[in-house]
Asker: 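Pasting a structure below so you can have a look.
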Amino acid sequence: MATSLRTDACGQLGRADVGRTVHLGGWVHRSRDLGGLVFIDLRDRTGLLQLAFGPAWSSAEASATAAAVGVESVILCEGEVVAREAERINPDMATGDIEIRVTSIQVVGPAVTPALPVARGRGEKMAAEELRLRHRYLDLRRPELQNNLVLRHRLLQVSRRFLSDRGYLELETPILTKPTPEGARDYLVPSRVHPGEFYALPQSPQIYKQLFMCSGFDRYFQIARCFRDEDLRADRQPEFTQIDIEASFIQREDIFTLAEGLIGALWREAGHEIPAQFERMSYADAMETYGCDRPDLRYDLRLRDYSATFAKLDFVVTKTALAAGARVRGLVVPGGAAWSRKQVDELEALAKSAGAGGLLRLRRADGAYDGPLAKFLTDETGAEFALQDGDLALFVAAADRIASPALDRVRQECAKRLDLIDDEAARFLWVLDFPMFEEDPETGALAAVHHPFTASHPDDMQAHPDHPARWRALAYDVVLNGTELGGGSIRTSDPAVQSRMFTLLGIGDTAEQERRFGFLLEGLRAGAPPHGGIAFGFDRIAMLLSRAPSLRDVIAFPKTTAARSLFEGAPVAVSMHDLDELGIQVKRSGDSA
RNA sequence: GGGGGCGUAGCUCAGUUUGGUUAGAGCACUCGACUGUCACUCGAGAGGUCGCGGGUUCGAGCCCCGUCGCUCCCGCCA
C-alpha cells in the first residue's frame with residue numbers, strides 16, 4: 001500500500017513496526033482533545049490507528065492542527081510507531097497495542113460537518129436508508145460496507161480464477177441488445193440513427209451464450225450485468241450481476257459438478273466449508289412436501305396429504321372440496337397447541353393472503369381434541385392424524401396451486417415462531433425436473449416455466465407426445481436455506497424441436513419465429529453441440545456471505561425500491577432537443593393511453 | 001397496480017393517546033477548560049418550513065383530505 005505520500009496503511013501496522021518512522025494518510029474517524037494531549041483515530045480501508053500528539057514529541061503547531069481538524073477530514077502525517085504501555089492498550093482495537101507519536105500533520109482534505117455520522121457510538125442506530133443513499137460517499141466509508149465490498153471483490157476474483165482454471169473463457173456480450181417479447185419487462189434504449197426503433201438492455205445473455213456454443217467456444221462464463229424493469233424488493237435490484245456459465249458436450253451432471261465446485265470455492269473464500277455434493281429433490285417432491293420449489297430444509301414441519309382421513313369425516317367444508325377434486329393437505333406443529341386463538345388467526349390471515357379460503361385447525365391438549373373438527377373424529381380417524389399432546393394441526397382444503405403456497409407460508413411462519421431455524425446451518429439443494437410448461441388455469445395457454453430454450457425430458461416427450469403440460473424440463477435450481485442461488489438447464493439444440501417449443505408457447509407462425517428468434521434458430525441449424533448452463537445471482541450470494549440484510553448493502557450504488565438513484569438522481573427528464581433528436585414524444589402524466 | 005410501516009434540529013429519537021403558553025433529549029457542531037484518552041470528561045452556546053399542499057378550529061407537530069419520499073410485503077420478476 002506504500003506510495004510516494006505514505007509508507008503504510010493504518011490497519012497493517014503492528015508491534016513489529018515499533019521504532020519505525022512512518023508517513024500515513026487517512027480520514028479522521030474520531031478525535032479526543034485532552035488539552036495538552038490530543039488523540040486522533042485515523043481510518044483507511046485497512047482499519048483504525050491511534051495518532052497521539054503531545055508536547056514532548058509534537059510541535060505546538062502540530063498539536064493545534066490536530067485539535068482543530070474536523071472528523072472525516074483527510075490528513076497526511078509523519079511520526080514514530082510506539083508500543084503502548086500495558087495499561088494503555090486498547091483491546092477493542094486491532095492496532096490497539098501501538099500508536100503513532102506524530103511529529104507533523106497536514107490537513108489535505110478538510111471536510112465539512114458530515115451529513116450523517118460515519119463513526120457511530122455503541123448501540124447508535126444507522127441513519128435512515130434514504131440519507132445513506134443520498135450521501136453514499138459517506139455511507140461507503142463505514143467499515144461494514146467497506147468489508148462487504150471487499151468481500152464482493154474477493155468473490156469475483158475466486159469465481160474468475162475457478163472458472164478460468166477449468167478452461168472457461170470470459171467472453172463479453174452486448175449491453176445494447178434486442179427486446180425480448182417474453183419474461184420480464186425490458187429497459188429500452190432509443191436509437192438516434194433509427195428513430196422509432198429501440199435496443200433493450202439484456203435480461204440475461206442467454207441467447208448470446210448459446211450462440212457461443214454454436215461457434216465452438218465450448219466453455220464460456222461472464223460476470224454479467226443484467227437488467228429487468230420489474231418492481232424491487234430487499235433482494236431484488238433492477239440492475240444486477242450474474243455469474244453466467246454455458247458449456248458444450250455436457251449433461252446435467254457435468255453442470256452439477258462444476259456448480260458445486262464453484263459454490264464451494266465461494267463459501268470457502270468467506271470462511272465456510274460446505275458439502276462437496278448437494279442434496280437433490282424433484283420439483284414434484286418439493287411441492288408435495290414443502291409447498292414450495294425452493295424449500296428451506298433447515299427445519300422439518302413437512303406437509304402431508306390428509307385427504308383419505310378427511311374422506312371419512314362428515315365435515316361439510318372438506319367434503320365439498322374433496323368432491324370437487326381438491327385435496328386436504330396440512331402440517332402438524334409440535335407445541336402449536338399453546339398458541340392463542342389470535343396467534344392462529346394470524347396464521348390463517350397469512351394463508352388467506354396467499355389465496356386460501358381458510359385454515360382449518362385441530363388441537364390436541366390434555367388428551368382431548370379441540371377445534372371445529374373435534375366432534376367428527378372417531379378413535380380411528382383421530383389416530384390417523386397422529387397428534388401428540390400439545391400439537392396443532394393446520395389444513396388447507398384446496399387445489400394444489402392454492403394450497404401449496406398457502407401452506408408454504410404457514411410452514412415458514414411456524415418455524416420462525418418456534419425458533420426452529422438454525423442460523424449456522426447451510427442446506428444446499430438441487431431442485432430437479434421442473435415442469436416444462438405452466439398452464440394458465442383459465443385459458444389453458446402454456447408458458448415456459450424456465451425459458452423457451454430449455455430442453456424437455458426426452459422420456460416424457462415420447463410417453464406423452466400430445467400432453468406437453470406433463471413434460472418435465474431438464475432444468476435445475478440451486479437452493480440454499482429457502483433462497484434460490486441460481487438456476488439453469490440443458491438447452492434444446494435441435495432447431496426443429498426448438499421451433500416446436502415456440503409453437504407450443506403460442507408463437508406458431510414461422511415468420512414470427514424467425515423475426516423474433518431467427519438468429520438463435522440459424523445458429524442451431526448451422527450445427528449445434530449438445531449444451532447447457534447455469535447462472536448464479538452474484539449479488540444475492542455476496543449478500544448471504546456478508547450476512548447483509550439487503551442487496552443494497554453489497555452494491556456500491558444501488559437503486560431505491562422506486563428504482564431511483566438518490567445519489568446522482570437518475571432517472572431524470574431530458575431536454576426537448578434530445579428527445580427530438582431521438583424522435584421521441586413524452587406523454588404528460590395524466591394523458592390517457 | 002394493491003396493502004402495511006416510517007417522515008419532528010446535521011444524525012438518532014421523544015412529544016401525536018385527550019388539539020392549548022416559548023416543540024424537547026442524546027450525539028454531532030461552535031466557544032471555553034483539561035497531559036493518557038480511546039463513545040474522553042466538564043461548562044456555555046447556536047441549531048426547527050414538525051416532508052409538502054389544502055381543510056376543520058378561537059387555536060394544529062397532534063384531527064380530516066390530498067400529495068411526495070423512504071421502506072417491508074403481495075402482484076410482477078420466461
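The sequence lines fix the lettering, A, B, ..., with proteins before strands; numbering per chain opens at 1.
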Asker: Taking the six-membered ring for Trp, are Phe517(A) and Phe453(A) closer than 6.0 Å centroid to centroid?
Answerer: yes

Asker: So what does Arg101(A) hit on the nucleic acid, given a heavy-atom distance under 4.0 Å: a base, only sugar-phosphate, or nothing?
Answerer: base

Asker: Kindly indicate, with the supporting measurements, whether the criterion side chain to side chain contact (heavy atoms under 4.5 Å, CB included) is fulfilled by His531(A) and Lys209(A).
Answerer: CA-CA 10 Å; His531(A) 64 286; Lys209(A) 66 175 176 175; over 6 Å; no

Asker: Under 4.0 Å between any heavy atoms, over every strand shown, what does Val38(A) touch: base, sugar-phosphate, or nothing? Just pick one.
Answerer: nothing

Asker: What does Ser204(A) touch in the nucleic acid at a heavy-atom separation under 4.0 angstrom: a base, only the sugar-phosphate, or nothing?
Answerer: base

Asker: For RNA chain B, which residues in residues 404-411 of chain A have a heavy atom at a distance below 4.0 Å?
Answerer: Arg409(A)

Asker: Given C70(B), U37(B), C77(B), which nucleotide is nearest the side-chain atoms of Leu566(A)?
Answerer: C70(B)

Asker: Quick one: look up who G69(B) pairs with, Watson-Crick or G-U, both distances under 3.5 Å, and put none if it's unpaired.
Answerer: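 Check on G69(B): paired to C6(B), both distances under 3.5 Å.
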
Asker: Give each protein N/O atom lying under 3.5 Å from an N/O atom of nucleotides 40-45 of chain B, with the pair distance.
Answerer:
{"unit_1": "C40(B)", "atom_1": "OP2", "unit_2": "Arg32(A)", "atom_2": "NH1", "d": "3.1"}
{"unit_1": "C40(B)", "atom_1": "N4", "unit_2": "Asp33(A)", "atom_2": "O", "d": "2.4"}

Asker: Counting any heavy atom closer than 4.0 Å, what does Ala447(A) reach on the DNA or RNA strands: base, sugar-phosphate only, or nothing?
Answerer: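 Ala447(A): no heavy atom of the nucleic acid under 4.0 Å.
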
Asker: Taking only N/O atoms, report every protein-nucleotides 7-11 of chain B pair under 3.5 Å with atom names and distance.
Answerer:
{"unit_1": "G10(B)", "atom_1": "O2'", "unit_2": "Ala115(A)", "atom_2": "O", "d": "2.6"}

Asker: Before accepting this row, confirm whether a basic side-chain N of the pair Arg84(A)/Asp97(A) lies closer than 4.0 Å to the acidic partner's carboxylate O.
Answerer: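 No, Arg84(A) and Asp97(A) are not salt-bridged.
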
Asker: Which of residues 474-483 of chain A sit near RNA chain B, with a heavy atom under 4.0 Å from it?
Answerer: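 Under 4.0 Å from RNA chain B: no residue of residues 474-483 of chain A.
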
Asker: Looking at the side chain of Met93(A), which of C38(B), G36(B), C77(B) is the nearest nucleotide?
Answerer: C38(B)

Asker: Given C29(B), C38(B), U35(B), identify the nucleotide with an atom nearest to the side chain of Val71(A).
Answerer: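 Selected nucleotide (nearest to the side chain): C29(B).
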
Asker: How would you label the contact of Arg132(A) with the nucleic acid (heavy atoms, under 4.0 Å): base, sugar-phosphate, or nothing?
Answerer: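 No contact.
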
Asker: Could you give the side-chain donor-acceptor pairs of residues 558-567 of chain A under 3.5 Å, partners two or more places apart or in another chain?
Answerer:
{"unit_1": "Thr560(A)", "atom_1": "OG1", "unit_2": "Ala562(A)", "atom_2": "N", "d": "3.2"}
{"unit_1": "Thr560(A)", "atom_1": "OG1", "unit_2": "Arg564(A)", "atom_2": "N", "d": "3.3"}
{"unit_1": "Arg564(A)", "atom_1": "NH1", "unit_2": "Pro571(A)", "atom_2": "O", "d": "3.4"}
{"unit_1": "Ser565(A)", "atom_1": "OG", "unit_2": "Glu568(A)", "atom_2": "OE1", "d": "2.3"}
{"unit_1": "Ser565(A)", "atom_1": "OG", "unit_2": "Glu568(A)", "atom_2": "OE2", "d": "3.2"}

Asker: Just checking Glu99(A): base, sugar-phosphate only, or nothing, at a heavy-atom cut-off of under 4.0 Å?
Answerer: base

Asker: Need to verify one output field. Residue with the more 5' nearest nucleotide on RNA chain B, Ile89(A) or Val449(A)?
Answerer: Ile89(A)

Asker: Who are the side-chain contact (heavy atoms from CB on, under 4.5 Å) partners of Asp44(A), not counting sequence neighbours?
Answerer: Arg6(A), Ala9(A), Cys10(A), Thr46(A)

Asker: Quick one: which of G36(B), C70(B), C76(B) gets closest to the side chain of Ala562(A)?
Answerer: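 Of the options given, the side chain of Ala562(A) lies nearest C70(B).
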
Asker: For a quick check of understanding: with a heavy-atom distance under 4.0 Å over all strands, which category does Thr560(A) fall into, base, sugar-phosphate or nothing?
Answerer: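 Answer is sugar-phosphate: Thr560(A) comes under 4.0 Å of backbone atoms only.
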
Asker: Answer yes if the side chains of Gln242(A) and Ser204(A) hold a donor-acceptor pair under 3.5 Å, and no otherwise.
Answerer: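 No.
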
